[in-house]
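We name chains A, B, ... by the order of the sequence lines, and we start the count at 1 in each one. No experiment lies behind these values; they were computed from the predicted model shown.
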Amino acid sequence: MSLEEPSTPELDTGETLEGVDYDALESLLGEYAIGRESHVNAEAFVVRPDEVQAALELLRDEAGFDHCSCVTAQEYEDRYESIYHLRKYDDPTQEVGVVVPTTKDDPVSESANEVYRTADWHEREAYDLVGIEYDDHPDLRRILLPETWQGHPLSLDYDQEQPQVVEFAEHANPLREDHAADAQSDTMFLNIGPHHPATHGVLHLKTTLDGETVADVESDIGYLHRCEEQICQNGTYRHQIMPYPDRWDYISAGILNEWAYARAAEDMADIDVPEYAQVIRTMSAEMCRIASHMLAVATFALDIYGDFTAIFMYAMRDREVMQNLLEDLTGQRLMFNYLRLGGVAWDLPEPREEFFEQTRDFLDELPGKLEEFHDMITSNEIFQLRCVNTGVLDPETAKSYGATGPVARGSGVDYDIRRDDPYGYYDELDWDVVTEDGCDNYSRVLVRMREVEESAKIIEQCVDLLEEWPEDERNIQSNVPRTLKPDADTEIYRSVEGAKGELGIYMRADGTDKPARFKIRSPCFSNLQTLPEMSQGEYIPDLIASLGSLDIVLGEVDR
Amino acid sequence: MGTTMKHALGGETFTVEYPEETPEVSPRFRGVHKFSQERCIWCRQCENVCPNDTIQIVTDDQRNGEQYNLHIGQCIYCRLCEEVCPVDAILLTQNFEFTGDTKDDLAYNMEQLKNVPWYKDIDPLASREPDRSGWVGEGEGEVDYQ
Amino acid sequence: MTFTETISSLLPISGPIADFIGGAVASLLIISFLMSLVAVSGIWGKRKITAAFTDRIAVNRHGPFGLLIIVADAVRLLSKELIVPDGVDRPAWDLGPLVMTSSALLGFAVIPMGDLFGLNLQIADPQAGLAYVFATASIASVGLVMAGYSSNNKYSMLGGLRAVAQNLAYEIPLVVTGVSVVLFAGSLQLSEIVAAQGETLVSLGGVAIPSWYAFVNPFAFILFMIANLAEVGRNPFDVPEAPTEIVAGWQTEYSSVYFVLCYLSEFIHIFLGGAIIATIFLGGPAGPFLPGFVWMVIKILGVYLFTQWCRSAIPRVRIDQLIEIGWKGLLELSFANLVLTAVIVGLL
């Protein structure tokens with residue numbers, strides 16, 4: 001926000017100084033809104049399946065909801081439902097849901113793709129897993145499951161026992177397209193992945209090349225789909241879900257992911273978290289962020305430098321320190337399972353002084369180490385030559401694709417849930433949101449490196465707080481019932497700032513101790529959608545660099 | 001380039017020569033389980049809390065334990081079983097070194113679980129004891145002992 | 001007297017047959033030496049050097065300092081199955097690695113490797129030595145194209161095409177910079193060039209600095225080092241392989257023995273590059289105390305170390321940037337250097 005901002009900012013329709021005025025929104029939607037629901041996070045309006053576009057357009061253009069955070073689809077006994085979770089990039093606390101019910105026998109609803117580009121993949125996922133069809137969708141295919149899959153696994157009548165026997169001949173042959181191509185054509189089809197040194201997991205990029213220039217690129221994901229949503233739907237709120245968030249973004253961002261679930265579940269079941277636990281959470285989450293960003297920088301350097309070079313190992317070395325600290329704290333190096341509903345599992349390890357000392361040592365050495373990284377990476381002329389002005393993602397496109405996290409901030413979108421929709425202890429601490437206006441690969445790397453500094457600042461303040469915390473007030477967990485059964489039809493969508501961006505959880509309770517629908521809004525999933533925008537017309541090395549700068553983790557993309 | 005040369009000449013390494021030099025493992029580290037039949041009261045809470053049905057308990061009709069099976073290859077090492085156990089009958093040692101030729105080798109039965117060695121003779125219970133108090137009581141909710 | 005002549009003079013016969021046997025034995029000795037050099041520095045040294053730059057330990061389990069890794073690796077690589085992909089163009093695919101390796105080895109025929117126990121280890125010393133070295137070294141790009149094009153793999157093809165583009169862009173600056181040295185020395189014969197560098201350039205406090213062309217014309221030396229990096233395809237110019245982009249470029253489909261040949265050719269190329277640099281810029285085998293041959297090897301390994309250093313510290317440039325640097329930067333600079341040298345040599 002600039003300083004010239006007028007003292008009374010221009011308000012969108014339905015926006016008041018306190019937040020969202022849902023009645024005004026309802027009158028704005030007029031006859032589009034045929035009903036109104038109340039979710040824990042925001043009000044939601046029910047819209048007819050053939051008026052989705054018009055309603056969303058109104059909300060985007062008149063009411064300023066420019067961020068389609070997530071699309072959740074689910075099946076009830078009597079209907080299908082798609083929920084569009086909208087919020088604003090300027091103020092993510094202003095939320096509204098758009099609920100689109102469709103009938104069981106004709107589950108067709110209008111696609112939101114025209115309004116929010118990000119709906120493209122989200123709706124494909126909804127079609128794939130739940131079975132809702134979207135009219136006017138440009139490319140409604142399965143996205144996570146193989147094209148030959150029978151049935152929609154999250155629909156109620158899905159038979160899990162049904163064998164998925166697919167003859168080899170029925171599988172899509174990735175090479176066929178190539179042979180079918182016109183012999184006169186100048187382009188070449190190239191499969192980058194699923195096994196390729198630079199795809200950071202099992203990602204398949206169907207690339208059409210014109211010489212060395214990328215004419216078209218299409219990501220084929222789903223190789224690492226592990227039914228994480230369904231696993232969570234089969235686990236109890238109280239204990240059994242918490243180990244799994246560690247496995248979404250498994251690159252040491254575990255606590256950040258756990259916090260996403262913890263935040264949603266705590267808000268849903270109205271659980272308080274002791275302040276002391278919040279400080280520990282904040283500290284450990286930022287440790288995870290450092291570890292995760294270190295790896296992001298390391299692998300990005302790997303993509304640019306082309307070998308397991310010095311930078312990769314140095315970043316690994318520094319990440320190792322962070323991981324040792326996290327191991328002391330949580331008992332595990334990656335799959336922490338440290339947060340509990342209502343607090344954390346353990347207090348700081350004894351002796352506390354040693355832990356503080358080690359943390360401080362790391363923080364003291366960090367500036368020198370970052371200096372080294374800047375020496376080797378960002379101030380290297382060849383590196384700049386490679387990264388500046390490649391993979392350009394302008395802010396408007398980034399918003400429309402629902403990009404968040406360092407990707408959005410590298411495009412100058414000032415959006416950070418930690419500050420804009422505060423949770424934990426973040427609003428009590430002194431730190432800044434990092435943005436860069438370059439919109440290119442270089443800015444995204446810079447954002448990550450500067451965010452490491454900010455995280456270090458947060459950790460330092462947390463350590464100060466923890467050191468002085470009175471001994472008798474070290475309450476790490478509030479009293480939480482052993483079995484949690486939130487009221488039936490409580491719905492909530494809550495997000496936190498994960499390492500890669502906005503990590504949101506949608507949950508619907510049905511009165512039992514397990515969620516009826518558990519939907520993960522993965523930041524990588526939305527960020528990866530921007531890849532074609534960034535790399536079309538550029539060279540293969542730039543495509544690889546852009547992919548690296550997105551810092552995707554396929555475990556989180558495919559869930 | 002200068003920075004890398006500095007590192008090269010510095011001669012310091014940060015890697016660990018593993019088998020000769022075992023890494024320092026935090027006392028909280030969660031490794032292979034160790035089971036104590038003397039302590040176990042066969043309350044089956046661990047079996048219930050296990051998120052992916054790794055623990056399988058067989059009891060006779062008097063609720064006397066007959067089998068305690070745990071597939072350490074399937075386990076996700078979340079420590080929930082240790083956390084819910086009221087008598088510390090199942091513990092996660094720091095032992096991370098386990099191998100098997102087949103998946104079946106990793107399906108441990110009661111005897112194998114009892115024989116899991118302590119890692120460097122550390123009994124994790126001591127280091128975790130202070131945190132027991134952090135584990136919360138039943139609250140107002142339904143108590144799910146059987 | 002060259003190495004060949006020394007050996008053939010030891011034979012009881014004389015004439016063309018003796019010359020042939022002498023040449024064959026001499027080449028065999030030099031090649032065996034090169035192979036062992038590759039074995040030590042390529043398999044073991046490379047690991048150790050990279051590890052040093054990245055704060056690691058690297059091989060240390062196989063024998064003293066892990067040196068037996070060389071044996072282990074040789075057995076491993078040679079005993080692997082040779083996988084011939086479907087649809088490869090067999091003759092070209094088979095010939096590719098051979099062409100690359102032999103072209104690099106051919107270059108060593110004229111390199112003055114210095115003296116060892118009074119023996120001159122130069123196999124042959126033709127009048128047009130330098131031209132010959134450049135010519136043979138460039139044959140490798142034919143091998144690269146053959147390998148890339150015949151592999152029936154798009155990554156290989158991209159790699160092969162990149163290799164050609166790169167070699168075209170860097171061969172010319174390389175040769176032109178080399179010519180500037182020829183202007184100084186007034187001869188293409190490598191022994192003459194080495195001899196010309198024997199004179200003292202300046203004497204500083206009793207230490208005579210020889211007139212190595214690296215000191216006489218450091219500008220040309222730097223140009224040549226850069227062009228040489230591109231010529232041997234090392235960072236920042238390793239685009240024909242570019243593991244993160246096009247998997248392994250032209251060598252994607254090679255396995256087992258063919259892979260060994262590719263690997264070998266790469267290292268011998270680096271050594272050949274080092275030998276050329278040593279010969280025309282660093283006074284060849286000249287150096288105090290130690291025998292000339294040892295100095296030559298030290299200089300070659302010095303250049304090798306430099307390539308490995310670049311590998312762990314410098315990002316790879318993009319193919320279009322690489323060609324731009326080659327055609328728009330190095331080519332102009334190398335011609336400027338040539339003209340300048342010509343003027344200076346003319347004035348002197």
How long is the straight-line distance from CD1 of A:Ile552 back to NZ of A:Lys500, given to the nearest 0.5 Å? 10.0 Å
Which region of A:Tyr539, side chain (C-beta onward) or backbone (N, CA, C, O), has a non-hydrogen atom less than 4.5 Å from a non-hydrogen atom of chain C, or is it both or neither? side chain
For A:Glu453 versus A:Leu370, what's the shortest heavy-atom pair and its separation? CG-CD1, 3.3 Å
Closest non-hydrogen atoms of A:Met322 and A:Met287, given as atom of the first, atom of the second and distance, are CG-O, 3.4 Å
Engaged part of A:Ile544 at the chain C interface, taking heavy atoms whose separation is under 4.5 Å: side chain
Is there a donor-acceptor pair closer than 3.5 Å between any side-chain N or O of C:Ser151 and the backbone N or O of C:Glu253? no
If you count heavy-atom pairs within less than 4.5 Å of chain A, which of C:Asp320, C:Ile319, C:Leu161 leads? C:Asp320
Could you tell me which of A:Leu190, A:Leu209, A:Ile192, A:Ile377 has the largest number of non-hydrogen atom pairs under 4.5 Å with chain C? A:Leu190
So which of A:Asn380, A:Ile540, A:Thr390 has the biggest tally of heavy-atom pairs under 4.5 Å with chain C? A:Asn380
In sequence, state the C-alpha distance, the side-chain angles, and the governing distance for A:Phe373 and A:Tyr314, and then conclude on ring pair (Phe, Tyr, Trp, His ring centres under 6.0 Å). CA-CA 8 Å; A:Phe373 283 117; A:Tyr314 298 167; 7.3 Å; no
